[in-house]
Amino acid sequence: METVGLEQNNNTRPLWLLAELTYRCPLQCPYCSNPVEMAKYKNELTTEDWIRVMQQARKMGATQLGFSGGEPLVRKDLEDLIKEARHLGFYTNLITSGVGMDEARIVAFKEAGLDHIQISFQASNEELNNYIGKSKSFQHKYEMAKLVKRYEYPMVLNIVLHRKNVDQIRDILDMTVDLNADYVELASTQYYGWSRINIDQLLPTKEQLKNAELVAREYQQKMKDKMKVIYVIPDYFEDRPKKCMNGWGNIFLTIAPDGSALPCHAAGQLPGLEFPNVIDHDLEWIWDESPDFNKFRGTSWMKEPCKSCDEKHKDLGGCRCQAYMLTGDAANADPVCGKSEFHKKLHDDVEHIGKLAGDEKFEAKPLVFRNMKNSKNFTDKKTPETV
Amino acid sequence: MAIELKKEDIIEIVPTFRFQWEEVQNCYVVLYPEGMVKLSQSAGEIMKRIDGKKSIIDMIGDISAAFGGADVEKDVLEFLETANGNGWIRTK
């Protein structure tokens with residue numbers, strides 16, 4: 001079925017509201033999905049602003065609300081926001097590192113009506129976990145995860161996988177079993193922003209992935225009915241692109257700490273966007289009318305090879321950020337696609353890193369950690385600190 | 001672990017799932033961490049009667065009465081099996 005013009009313009013609704021309450025975070029993970037230029041964002045929305053945003057999104061039909069960041073626990077008004085969100089009928093998800101949490105807050109969140117807590121781990125052992133997050137957080141996370149289950153929340157444990165921890169996937173899964181997780185997200189690093197800077201140190205090898213996939217499948221079978229294991233391989237190794245965010249401006253709405261509305265939390269890096277702000281506009285206008293949310297909606301913006309591709313409705317051309325990063329034009333096909341003229345280069349680059357992986361000198365290259373100082377250096381075009 | 005349901009079983013919605021009416025979508029939904037399933041009208045009619053007090057057989061009678069004595073047993077059992085498989089419901 002073909003529609004002409006701004007198709008789906010009035011049919012799509014934001015079902016998922018991601019509230020990035022702050023970019024402040026006690027951790028410094030070198031693959032963070034926050035923008036590298038986060039130091040530029042000075043202002044944070046007030047409690048009243050967030051409540052207005054939640055009311056508008058709920059009225060438009062949003063059901064899922066993620067409190068994220070940065071570390072959302074940094075916000076002192078989190079309990080109030082949860083209470084209001086629950087009152088509005090949202091299913092409320094807290095996406096946290098666990099740092100800044102204690103038993104009293106877990107109880108307070110429960111009283112406020114929080115539905116679910118997702119805790120991230122950086123690894124299954126203290127040393128690597130604390131190294132990656134640059135924070136002595138492992139023991140605390142472990143205790144918090146136990147408490148989350150004691151207070152009968154459904155719990156998701158999220159572990160971002162990369163070359164430095166993917167070989168420990170069995171230990172990681174055993175840890176999630178011990179902690180009685182309901183869901184485990186083994187999220188392969190997506191190479192945007194900070195992780196793109198650190199790709200040489202983070203990209204896993206093909207052999208590592210093959211092994212990881214086998215172990216993940218084994219636990220999916222073994223833990224069926226008890227713990228749902230979600231494992232996604234990094235798409236750099238694929239030939240077909242993913243339907244990123246389920247389509248631009250289709251169901252997903254991110255609000256950045258300063259109130260900028262984005263169709264995806266990584267879209268801040270794309271040139272030519274205006275970043276409509278919830279201080280100046282209501283969500284209805286932002287979603288339906290703003291140039292940003294219509295820019296890559298549906299299929300009418302496509303160029304070849306997407307335009308004439310019979311899979312264009314299936315993957316919607318893949319990821320716009322990846323297209324921009326790897327080809328310089330956000331309207332190009334995602335180079336993960338075998339039909340993209342940039343596909344070969346991507347696979348060559350991946351192979352190149354795969355060959356160097358394990359080499360002592362190559363592995364010794366330091367990580368660029370995600371912190372405001374490094375962000376400021378990037379924003380000012382200075383060399384980032386690596387230690 | 002999802003267990004097999006018997007008609008005499010009293011069932012309830014597992015508290016880690018939320019079942020509610022959505023005005024904008026005009027349907028009942030089941031909500032869980034970071035996800036949502038929209039329910040058909042008949043599935044909604046079944047789910048809203050799960051209260052931790054009624055047995056499956058009572059629910060079948062109740063739904064049948066609400067729809068002019070229609071034979072709904074097969075549909076109800078089929079849906080409950082799916083719901084059970086998804087972990088949404090459990091016996092009391």
Side-chain angles (χ1 to χ4, degrees), chain A residues 11-18 56-68 85-86 88-95 110 113-119 148-149 151-158 180-185 187 222-228 230 246 251-252 283-284 287, chain B residues 1-7 9-53 56 76-92:
Chain A
N11 301 329
T12 69
R13 293 283 88 179
L15 294 180
W16 230 118
L17 175 64
L18 186 70
Q56 291 174 1
R58 186 72 187 118
K59 213 173 133 207
M60 291 172 76
T63 53
Q64 289 284 343
L65 171 58
F67 290 112
S68 173
R86 184 57 200 264
L88 289 167
F90 276 109
Y91 189 92
T92 50
N93 305 273
L94 174 61
I95 300 161
K110 192 95 199 177
L114 181 63
D115 289 293
H116 148 236
I117 298 180
Q118 179 191 121
I119 298 183
V148 165
K149 284 314 293 179
Y151 285 95
E152 296 180 331
Y153 288 95
M155 179 171 75
V156 175
L157 294 181
N158 175 291
N180 284 315
D182 299 284
Y183 305 79
V184 179
E185 284 176 12
K222 196 163 85 180
M223 297 308 293
K224 203 170 58 177
D225 298 331
K226 278 204 82 176
M227 180 177 93
K228 201 170 173 213
I230 301 145
N246 212 34
I251 57 169
F252 206 86
L283 285 187
E284 191 110 24
W287 186 263
Chain B
M1 178 89 73
I3 53 149
E4 224 167 280
L5 297 172
K6 295 187 290 291
K7 277 196 242 174
D9 287 339
I10 294 169
I11 50 172
E12 64 179 357
I13 295 175
V14 175
T16 51
F17 289 91
R18 219 164 89 201
F19 167 74
Q20 71 184 28
W21 173 256
E22 279 301 308
E23 199 61 48
V24 179
Q25 339 275 354
N26 195 31
C27 67
Y28 281 100
V29 299
V30 174
L31 296 161
Y32 51 93
E34 300 171 31
M36 171 176 92
V37 175
K38 290 188 196 180
L39 298 179
S40 67
Q41 199 196 342
S42 55
E45 289 295 328
I46 300 166
M47 279 293 274
K48 77 178 188 197
R49 286 175 170 81
I50 301 175
D51 58 2
K53 289 180 198 128
I56 294 177
V76 173
L77 293 177
E78 239 172 55
F79 171 76
L80 289 179
E81 217 164 280
T82 308
N84 194 30
N86 290 339
W88 299 345
I89 57 170
R90 66 184 179 198
T91 55
K92 267 202 97 171

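Values reported hereafter were calculated over all heavy atoms of this structure, with side chains retained and with hydrogens, waters and symmetry mates removed. Letters A, B, ... mirror the listed sequences (proteins, then strands); counts begin at 1. Please read these numbers as outputs of a predicted model, since none were measured by experiment.
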Asks: Per the salt bridge (charged side-chain N to carboxylate O under 4.0 Å, His left out) rule, what does the pair list look like for residues 79-92 of chain B, sequence neighbours excluded?
Replies: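 Output for this query lists B/E12-B/R90.
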
Asks: Heavy-atom pairs under 4.5 Å with chain B are the metric here; pick the option from A/E152, A/Q118, A/M155, A/Q64 that has the most.
Replies: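 Of the candidates given, the most pairs with chain B belong to A/Q64.
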
Asks: Using heavy-atom distances under 4.5 Å, tell me whether B/Y32 contacts chain A through its side chain, its backbone, both, or neither.
Replies: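 Both backbone and side chain of B/Y32 come within 4.5 Å of chain A.
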
Asks: Partners of A/K59 by side chain to side chain donor-acceptor pair (under 3.5 Å), sequence neighbours excluded?
Replies: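 For A/K59, no residue satisfies side chain to side chain donor-acceptor pair (under 3.5 Å) once neighbours in sequence are set aside.
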
Asks: Go through the atoms of A/I117 and report whether side chain, backbone, both or neither lie under 4.5 Å from a heavy atom of chain B.
Replies: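 No part of it gets close to chain B.
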
Asks: Only heavy atoms, only distances under 4.5 angstrom. Which residues in residues 19-27 of chain B are near chain A?
Replies: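 Within residues 19-27 of chain B, the residues under 4.5 Å from chain A are B/Q20, B/E22, B/V24, B/Q25.
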
Asks: Once salt bridge (charged side-chain N to carboxylate O under 4.0 Å, His left out) is applied, what residue pairs with a partner in residues 24-50 of chain B remain, sequence neighbours excluded?
Replies: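 Every salt bridge (charged side-chain N to carboxylate O under 4.0 Å, His left out) pair that includes a residue of residues 24-50 of chain B, provided the two are not neighbours, is B/E45-B/K48, B/E45-B/R49, B/R49-B/D62.
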
Asks: Identify the two heavy atoms, one from B/T16 and one from A/Y91, that lie closest to each other, and give their separation to 0.1 Å.
Replies: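 Between these two residues, the closest heavy atoms are O-OH, 3.8 Å.
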
